[in-house]
Structure formats: C-alpha cells, structure tokens
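Everything below concerns the one structure shown next.
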There are 2 protein chains.
Amino acid sequence: MPRSSDRVTIHDVAQRAAVSRQTVSNVLTHPTRVRPETLERVQAAIAELGYQPSSSAQSLRSQRAGAVGVEINTLGPRSHNETMAPFLGSLAMRAAEHGSHMVPFGSPGDRPMVDGYQAMWARRLVDAFIIADTHHGDPRPAWLEENGIPFASFGRVWDDPTFTGWVDVDGAAGTGAAVAHCADLGYRAVGYLGWPSGSVVGDDRRAGWAAGCARTGVAPGPEESCDQDLDDARAAARRLLADLGPSDAVVCASDILALGLHHELLAAGREPGSEVGVVGFDGSDTALMHHLTTVEQPLDQIADRILDLLDDALAGRPRPPAGSLLQPVLLRGDSTSARSRSR
Amino acid sequence: MPRSSDRVTIHDVAQRAAVSRQTVSNVLTHPTRVRPETLERVQAAIAELGYQPSSSAQSLRSQRAGAVGVEINTLGPRSHNETMAPFLGSLAMRAAEHGSHMVPFGSPGDRPMVDGYQAMWARRLVDAFIIADTHHGDPRPAWLEENGIPFASFGRVWDDPTFTGWVDVDGAAGTGAAVAHCADLGYRAVGYLGWPSGSVVGDDRRAGWAAGCARTGVAPGPEESCDQDLDDARAAARRLLADLGPSDAVVCASDILALGLHHELLAAGREPGSEVGVVGFDGSDTALMHHLTTVEQPLDQIADRILDLLDDALAGRPRPPAGSLLQPVLLRGDSTSARSRSR
DNA sequence: GGCCTTGATTTGAACGATCAAATCGGTACA
DNA sequence: TGTACCGATTTGATCGTTCAAATCAAGGCC
C-alpha cells in the first residue's frame with residue numbers, strides 16, 4: 001500500500017498491478033515489450049495511483065538534467081528585455097513539448113562572462129545552453145565549444161563560421177520587406193534610422209534597406225544613426241526630420257528607434273503614417289502598444305528550431321550543414337498607410 | 001584515475017585523497033566532523049580535480065529538486081511582461097544565493113489554471129511555486145494549499161486572509177508618496193487616472209491617492225478610469241484634460257496609463273512636468289525610457305523575501321504572523337518638476 | 001592489562017528509475 | 001520426449017550522493 005502523504009513510486013504501481021518494477025518501467029518507455037493484457041492492467045494502476053516518474057531519479061539514471069540554461073542580462077542594456085523576455089517565454093512554452101525546461105540565470109556583470117555557465121555546468125544543472133546576442137570577441141561560443149558543452153545560439157556566431165548551431169532572423173530580408181511595403185504604399189523616398197556601423201546585426205539590417213531600395217526602385221531617403229536608446233533616437237530623428245520630405249518613409253533598425261522618430265514627428269506636427277511612414281523592427285510590445293508598423297521576429301519558430309538543434313546535439317547527431325535563417329514577418333500598424341496614388 | 005572526458009565524482013576525489021566517499025561528503029557538508037589534517041588534504045583534492053557534487057544525485061538523495069516553478073503568462077495581458085519579466089530576472093539572480101533556480105513554465109490558456117502546476121509537481125520538477133497577480137476566485141492558492149504544495153505569492157492572496165506567505169508592495173503608500181511629491185513640488189490639484197474599481201490592486205492604489213490628498217491638504221483633482229491599455233489610457237486622458245487646470249498633476253495607477261496621459265498632453269500642446277505633472281506606477285522600462293516620474297516596485301527585495309518565505313516553508317518552519325508589505329520608492333523623472341512658488 | 005569512552009573514518013543502505021542479463025513458461029520441431 | 005527457441009517478465013546492478021550504523025584507533029581509568 002502506498003503510504004499516504006508520500007510520493008507514489010514505480011514500486012507502488014508494481015505492487016498494485018502485481019508485476020515487477022521493470023515491467024512498469026517498460027509500460028512507459030517500451031510498451032511493445034509488454035503483453036497487451038499486462039499493459040492494460042499496469043496502465044490502469046498508473047492511472048489509479050496517478051503515478052508520474054520522478055524527474056530526479058530519471059536525471060540521475062540517464063545522466064540528463066532535462067534542463068537548458070539561458071542567461072538573462074538583468075543589468076545589461078535594458079532594451080534587451082524587449083526581445084529576450086518574450087523569447088524566454090517562447091522557449092519555456094516550447095520546451096515542455098521537448099521534455100525539458102529552461103533555467104534562467106544571471107551574470108552580475110554587464111558583459112557576458114563564462115562564470116555563470118561554468119557554475120551551472122559543473123554541477124550538471126543543465127545539459128546545454130542557449131546563448132543570444134553574440135558579438136565579435138564574445139568569449140562564450142569558444143569556451144563552450146572547447147569544453148564540449150552543447151549549445152545553440154539565437155543569432156549567428158560571427159567569430160566562428162564553422163559553427164552552424166544557430167538560428168537567426170534574416171534582418172536584411174526584414175528591412176527589405178519594410179522598404180517594399182513602403183514602396184507599395186506609395187511613399188516617395190525611404191530613409192533609414194539605424195545603429196552606428198560596426199554591429200553585425202545593424203549592418204545586416206542596413207544592407208537590407210539599401211538593397212530593398214535598389215530592388216524596388218524607390219529612392220533612398222536620408223539616413224541617420226544612433227544608439228539603441230530612446231533619447232538618442234529622438235535626437236537622431238530630429239536631425240533626420242529636416243531632410244525628410246512629405247510622403248517619405250523611414251525604416252528603422254529597431255522599435256525603439258522607430259518610437260523615437262514617431263515621437264519627434266508628432267512633436268513637429270507631422271503625423272506618422274499619413275504624412276511620414278515609420279517602420280520599426282522586432283515586433284516588440286512597445287511597437288504593438290503604439291501601433292507602429294514593425295518587422296516581427298518569429299520567436300516561437302526560433303525557439304522551436306533552437307530546441308531541435310539542442311535535441312540533435314544531445315542525441316549526438318551531427319550539426320546541420322548550415323545555420324537556420326528564418327524570415328521575419330511585416331506587421332502592419334498605423335505608422336504606415338496607403339498614399340494617394342498621385343505621383 | 002578519473003577517466004578523462006567523464007565527470008569527476010565524489011569517488012574520484014576519495015581515491016585521490018586516499019579516503020572514503022563519505023569523508024569527502026563530510027568535508028563539504030559537515031567539515032567539523034573531519035580531522036583538520038584530513039580536511040585540508042581532501043579540500044586540496046577537490047580543488048585539483050575541480051569537483052562539484054552532481055545536482056541530480058543530490059536531488060534524488062535529498063528529495064529536493066532545488067527548483068521553484070514560476071508561471072509566465074505569455075498570452076495573458078501583454079502588460080504583465082512589463083513587471084513579470086524583470087521580476088523573473090530578480091528571482092533568477094537571487095535564487096542562486098538561495099541554492100535554487102527558477103523554472104519558468106507557461107500555461108497556454110489566458111486564465112490561470114492549475115494544469116501546469118500539476119504537471120510540474122507530479123514529477124517533482126520543483127519543490128515549490130511562486131505565484132503572482134492573484135485575484136478573487138483564483139483557483140491556484142486554494143489548490144496549492146489543499147495539496148500541501150509549498151508556495152509564496154507576489155501580491156496578497158485576497159481570498160484567504162489566513163495565508164501569510166505573501167509579499168506585496170504597499171500600493172497605497174506608493175500613490176500617497178506620489179501625491180506628497182506633487183504637493184512638495186507645488187502642483188495645485190492632484191488628479192487620478194486609474195483602473196475601473198473592483199480590482200483589489202487598483203482600489204488600493206486609488207485609496208492611497210485619496211488619503212494622500214487628505215493628508216497633505218492638496219486638492220483632489222479630476223479622476224478618470226480605464227483599462228491597462230495605452231489606447232484606453234489615451235482616451236481617458238483626453239476626457240481628463242478638459243478638467244485639468246494649469247499646474248495640476250495626475251497620479252496614475254500604472255506606467256502605461258501615465259504614458260497615455262503623457263502622450264495626450266503633448267498632443268494638446270501641454271508639456272508634461274512643467275505644465276502638468278504626471279506620476280506613473282511600477283518603475284517599468286517604459287517609464288524609464290520616457291523619463292516619467294514613477295513609483296518603483298522594489299523587485300529585488302520582493303524576490304529576496306519571497307525566496308526566504310519558500311526556504312522557511314521547505315524547512316518546515318511556521319509561516320510568519322503576517323505577510324510582508326514592502327515600501328515602493330518614488331523615482332523622479334522629467335514628468336514632474338518644481339513649480340514656481342507663486343500661489 | 002583489560003575495559004570503556006570518544007573521535008575519526010569507513011561500510012552498508014537507500015533515494016527512484018532504467019539497462020543488461022537471467023529466468024520463466026510455453027510452442028515448435030526433430 | 002527432449003531440446004532449442006522465443007516472447008514476457010523478473011532480478012541484479014548502476015547512476016552519485018548522504019544518512020545511519022559499524023568499525024577502528026587512541027587515550028583514560030581502575
């Protein structure tokens with residue numbers, strides 16, 4: 001009899017169904033090995049007792065924690081949260097289907113270090129890691145690789161073209177689609193508000209804008225750059241405004257930048273959308289809240305693909321021949337609207 | 001010799017230091033039981049091999065997962081993220097010091113159900129849960145209590161005054177401080193932009209405003225209410241504007257509402273701060289980004305206290321006599337500024 | 001010198017699951 | 001009738017750790 005107030009174990013089920021522990025185990029993991037009649041009886045016992053295998057015991061036996069570490073930079077650029085928080089949400093939801101769970105952990109410092117990873121890995125609290133926002137000189141990919149620790153990355157790992165365990169959003173395609181969208185709506189010239197050149201993500205998005213202009217034949221409008229910060233964005237937007245003709249549009253490298261432009265347009269008495277088009281990037285809550293047209297990152301898809309990559313790595317399957325580049329989706333808001341077709 | 005490429009276990013350390021497994025274990029958990037000389041030798045071996053006990057093995061042995069479940073409502077009101085994401089960050093950071101980690105999990109539905117909790121608990125993936133945003137009729141606290149599952153709550157559990165395992169922010173004190181701040185700066189009347197009455201949190205914050213006006217002797221300004229949504233907030237703010245005199249201020253139930261008012265003020269050509277004071281609530285990124293004066297929730301403190309509560313519960317210590325009500329902190333932004341003392 | 005106490009260390013057992021190998025019962029075949 | 005075989009089931013061992021009990025060595029005391 002299962003002692004009440006005590007967890008029901010495989011042994012309790014075995015006794016109840018008058019079989020051995022192993023048969024119960026087989027019912028759950030290798031049902032074909034069990035005679036149909038027995039299967040049914042054991043399944044009934046499992047249901048009656050509400051048995052669920054203990055994850056601790058399974059972890060020890062299988063040498064798998066069933067967990068994946070995700071670093072969250074609380075002290076880093078605040079804007080990170082804008083993407084990382086929903087992404088962690090997507091991961092947590094999807095992970096359940098992959099039979100694992102996320103373990104967020106923080107590194108106190110403002111720049112990514114391997115200390116936190118080291119601590120989680122040494123005790124095997126996790127089987128793998130998911131990293132994001134890697135940049136040139138990021139110590140993490142190399143360290144993980146050297147120590148044979150499975151990991152996957154949201155964002156290309158620029159330092160090591162050999163590494164294919166990444167999933168990224170096709171930024172250039174996104175800004176390209178944004179330009180096409182503006183061209184379709186009839187905006188005259190399409191400008192660009194981006195980040196200072198040098199960041200790989202930023203350069204990619206800018207390239208998509210330039211290529212989009214060339215492809216659609218729309219004139220490239222004025223261009224400015226600033227940091228990922230609302231105040232900076234507003235200052236840059238003000239510089240941009242002078243050169244911005246009526247019925248021009250601006251594609252931005254992020255929703256924060258788009259919001260800065262949006263605010264400055266209103267301050268200058270020019271209505272976003274009907275007078276000047278604004279397209280953001282990221283599909284953040286901020287953009288949705290302000291009804292900005294934006295390029296949405298398919299976070300659910302990214303999470304799914306990343307978890308698949310980790311499953312493969314943990315199963316010892318070889319890495320894919322190349323990383324996954326997912327297509328973002330243009331999300332129409334009120335900051336772009338159809339022009340009267342008078343040109 | 002520890003087989004390379006294989007995890008170093010307690011056994012490896014024992015061999016290296018020429019002692020038994022148990023002595024190594026004692027060195028880490030009961031150092032006083034070990035002769036100083038031996039202690040040193042074993043510690044050296046531990047350091048040389050870089051031994052860290054396996055968390056899976058410890059979990060099985062101690063019947064403790066060392067993890068705490070936190071539900072994240074991805075599909076719920078988006079504004080939840082505004083507070084919950086940073087809160088999860090604080091929890092994750094603090095948890096490390098408490099020897100545990102967070103496991104975020106999602107429930108697909110939009111209203112809180114116990115299914116997700118049930119699944120995590122059945123397999124003992126977690127030892128306890130942290131719940132937030134409980135409301136009247138919330139099934140979770142009662143269910144957790146019934147099943148003897150340890151938990152703590154961010155936010156009072158209104159349905160059960162007996163339950164003291166909660167930590168909350170003193171909302172009334174926060175809005176009261178906001179009123180005092182406005183009075184100090186010399187604003188004439190202080191209005192209120194809140195949520196429809198009926199929500200416990202909202203009613204609390206509104207009460208603080210009313211009491212604050214009475215206490216400081218400042219005249220209560222006009223009042224409006226709306227949902228936690230930027231569009232709604234702007235509509236309500238527009239209604240408010242008509243009744244809003246020059247040099248009046250408005251205390252808001254949330255940063256989103258404050259932002260709505262901020263935007264409408266600009267649209268009406270009235271400058272936030274110098275002309276009309278605006279105070280938000282939550283200390284969210286949105287508020288910081290827009291330099292709104294806001295009432296900041298001490299998330300780190302809350303996380304710390306909640307983890308303490310869980311430690312107590314897991315150790316079988318009795319619940320505190322009452323819940324913890326923490327004081328929020330007023331964060332000065334540009335949306336309130338000193339009036340010229342001409343009255 | 002023998003016996004008891006104390007402190008340090010070791011051995012045995014257990015946590016709950018699953019893999020591998022052993023056992024069991026029945027059927028087919030010579 | 002005996003044996004080889006096959007599917008179904010059970011037993012033994014293991015993952016890495018820690019509690020409880022056993023062992024061991026040294027010192028104190030009569």
Side-chain angles (χ1 to χ4, degrees), chain A residues 2-3 5-43 45-46 49-67 99 121-127, chain B residues 2-3 5-43 45-46 49-67 99 121-127:
Chain A
R3 297 148 295 180
S5 96
D6 233 6
R7 224 182 113 62
V8 34
T9 75
I10 201 171
H11 194 256
D12 299 322
V13 178
Q15 261 185 297
R16 172 95 169 202
V19 293
S20 69
R21 355 175 267 286
Q22 185 57 34
T23 302
V24 178
S25 177
N26 284 338
V27 165
L28 292 169
T29 55
H30 306 281
T32 56
R33 290 188 192 163
V34 180
R35 193 160 45 122
E37 184 187 332
T38 320
L39 186 74
E40 202 175 348
R41 185 155 40 93
V42 174
Q43 280 171 334
I46 289 175
L49 297 176
Y51 168 70
Q52 299 259 122
S54 146
S55 62
S56 314
Q58 285 182 323
S59 289
L60 178 57
R61 181 67 241 237
S62 66
Q63 304 285 64
R64 282 279 154 78
W121 179 251
R123 310 195 50 204
R124 287 297 188 285
L125 246 143
V126 298
D127 303 316
Chain B
R3 297 150 296 180
S5 96
D6 231 6
R7 224 182 113 61
V8 33
T9 75
I10 201 171
H11 194 255
D12 300 321
V13 178
Q15 261 186 297
R16 172 96 170 201
V19 292
S20 70
R21 355 175 265 287
Q22 185 58 31
T23 301
V24 179
S25 177
N26 284 337
V27 165
L28 293 169
T29 54
H30 306 282
T32 57
R33 290 188 193 164
V34 180
R35 193 161 47 121
E37 184 188 332
T38 321
L39 185 74
E40 200 175 350
R41 184 156 39 94
V42 173
Q43 281 171 334
I46 289 175
L49 297 176
Y51 167 71
Q52 299 259 124
S54 146
S55 63
S56 314
Q58 285 182 322
S59 289
L60 178 58
R61 182 68 242 242
S62 66
Q63 303 285 65
R64 280 279 155 77
W121 180 250
R123 310 195 50 203
R124 287 296 187 287
L125 245 143
V126 298
D127 302 317

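Naming convention: chains lettered A, B, ... in sequence-line order (proteins, then strands); numbering from 1 in each chain.
Annotation: side chain to side chain contact (heavy atoms under 4.5 Å, CB included) contacts of B:R64 (sequence neighbours excluded): B:S62, B:D127, B:L314. Applying the side chain to side chain donor-acceptor pair (under 3.5 Å) criterion to A:Q58, with sequence neighbours excluded, gives B:R123. B:S59 meets the side chain to side chain contact (heavy atoms under 4.5 Å, CB included) test with A:S56; sequence neighbours excluded. Here A:R33 pairs with nothing under the side chain to side chain donor-acceptor pair (under 3.5 Å) rule; sequence neighbours left out. B:A122 pairs by the side chain to side chain contact (heavy atoms under 4.5 Å, CB included) definition with A:Q52, B:Q118, not counting sequence neighbours. Not a single side chain to side chain donor-acceptor pair (under 3.5 Å) links A:R61 to another residue, sequence neighbours left out.
What separates CD of A:E40 from C1' of D:dA8 is a distance of 17 Å, to the nearest Å. Protein atom CZ of A:R41 is 14 Å distant from nucleotide atom P of D:dA8, rounded to whole Å. Taking atom CZ of B:R124 as the reference point, atom P of C:dA17 lies 11 Å away to the nearest angstrom. Between the C1' atom of C:dT9 and the CD atom of B:E37 lies a distance of 13 Å, rounded to the nearest Å. Between the CZ atom of B:R123 and the P atom of C:dG16 there is a distance of 14 Å, rounded to whole Å. Rounded to an integer number of Å, the gap from A:L60 CG to C:dA14 P is 17 Å. One can place CZ of B:R35 at 8 Å from P of C:dA8, the figure rounded to the nearest angstrom.
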Without placing hydrogens or testing angles, list every side-chain donor-acceptor pair under 3.5 Å for residues 19-27 of chain A, not counting sequence neighbours.
| unit_1 | atom_1 | unit_2 | atom_2 | d |
| --- | --- | --- | --- | --- |
| A:S20 | OG | A:T23 | OG1 | 3.4 |
| A:Q22 | NE2 | A:N26 | OD1 | 3.1 |
| A:N26 | ND2 | A:Q22 | O | 3.4 |

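Listed pair B:T23 / C:dT10 meets the phosphate criterion, a side-chain N or O lying under 4.0 Å from OP1 or OP2. Distances shorter than 4.0 Å separate some side-chain N or O of B:S20 from OP1 or OP2 on C:dT10.
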What string of B, S and - do you get for nucleotides 18-28 of chain C, 5' to 3', if B is base contact, S is sugar-phosphate-only contact and - is no contact with any protein heavy atom under 4.0 Å? BBB--------
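As judged by a 4.0 angstrom heavy-atom cut-off over every strand, A:S56 is placed among residues making no nucleic acid contact. Within 4.0 Å (heavy atoms only), B:T38 reaches sugar-phosphate atoms of the nucleic acid but no base atom.
At its two ends the helix from C:dG1-D:dC30 to C:dA30-D:dT1 runs along axes set 80° apart, each axis drawn from five pairs and the angle rounded to 10°.
Atom CG of B:L60 is separated from atom OG of B:S55 by 11.5 Å, given to the nearest 0.5 angstrom.
Of the residues listed (B:R35, B:Q43, B:R41), the one engaging B:L39 in a side-chain contact (heavy atoms from CB on, under 4.5 Å) is B:Q43, and it is the only one.
The side chain of B:Q63 has C:dC15 as its nearest neighbour among D:dT9, C:dC15, C:dT9.
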